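Following: one structure in structure tokens, then a few remarks.
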Amino acid sequence: MLIKKRKQSIITKKGNKGYTYLSSGDKLSKDDLRFEAAGTMDELSSFLGMAKSLVKDKKDRNILEKIQRDLLIIGAQISVLNFKKLKRGLTSKNVGYLENEISRLEKRFVFNNFVLAGDNLVSSSLHIARAVARRLERRVITLKNKEKFRNENILVYLNRLSDLIFLLAYRYSVG
């Protein structure tokens, strides 16, 4: 990871009273649903990054990295109040990518019962990521139900995402 020198400090001295700012400049409480969803998205991306560092298969590493990049787009969409200001949003093409990968992996396995996490570090980290993806989906649904939320592709994407992560975890459990 390349780290560039910052011209200003990351310390803003503006969030000390329980409020912080969106990139749009809007001031919200730190416990706002948007920040809860964004924090869960960040947690998911971190666990996917851990799994990516453990996975040897280049295709699977690329899948995990693409998901991390899509999560950045989702984070941008849930962290702004004015969706029209965004240059890029999650599309049905992003959802289609997940569905194609799910179909590819489903052809490799037959499922007869539930899977317990813990076979190895790779599958365990993916199972943690899957559980966090499910929580992120719940947080985004809550956000959608309480506020106007325009991009329906995000909910479909998050639903498919946990399925794909499950299949990747299963793959690394059974080989």
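Given the structure is predicted, the values throughout are model-derived calculations rather than measurements.
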Intermediate values then yes/no, side chain to side chain contact (heavy atoms under 4.5 Å, CB included), Leu48 and Leu71: CA-CA 11 Å; Leu48 290 171; Leu71 289 173; 3.8 Å; yes

Is the backbone N or O of [Y] less than 3.5 Å from a side-chain atom of [X], with the two atoms forming a donor-acceptor pair by type?
X	Y	value
Gln77	Leu90	yes
Arg130	Phe166	no
Asn159	Val156	no

For [X] and [Y], which heavy atoms make the closest approach, and how far apart are they?
X	Y	value
His127	Ser173	NE2-OG, 4.4 Å
Arg104	Arg108	O-CG, 3.8 Å
Ser123	Ala169	CB-O, 3.3 Å
Asn151	Gly89	ND2-C, 4.4 Å
Ile102	Arg160	CD1-O, 3.5 Å
Val140	Ala37	CG2-CB, 4.4 Å

Short N-O contact, [X] and [Y], less than 4.0 angstrom:
X	Y	answer
Lys146	Asp32	no
Arg69	Glu65	yes
Arg61	Asp57	no

Less than 4.5 Å apart, side chain to side chain, heavy atoms only: is that true for [X] and [Y]?
X	Y	result
Leu168	Val55	no
Leu98	Ile67	yes
Leu161	Leu44	yes
Asp31	Glu36	no
Ile74	Leu158	yes

At what distance, to the nearest 0.5 angstrom, does [atom1] of [X] lie from [atom2] of [Y]?
X	Y	atom1	atom2	answer
Ile154	Glu137	CD1	CD	12.0 Å
Lys107	Ser103	NZ	OG	6.0 Å
Lys52	Ser45	NZ	OG	7.5 Å
Leu143	Arg138	CG	CZ	15.0 Å
Met41	Glu43	CE	CD	11.0 Å

Charged tip of Lys30 within 45° of Phe35 ring normal and under 6.0 Å: no

Name of the residue among Asp70, Asn62, Ile63 meeting side chain to side chain contact (heavy atoms under 4.5 Å, CB included) with Lys66: Asp70

hydrophobic_cluster_shared for Leu136 and Leu72, side chain cutoff 4.5 Å: no

Side chains of Asp119 and Tyr172, donor plus acceptor under 3.5 Å: no

Side chains of Arg139 and Thr40, donor plus acceptor under 3.5 Å: no

Criterion side chain to side chain contact (heavy atoms under 4.5 Å, CB included) on Ile165 and Leu64, from CA distance to verdict: CA-CA 9 Å; Ile165 296 171; Leu64 295 172; 5.6 Å; no

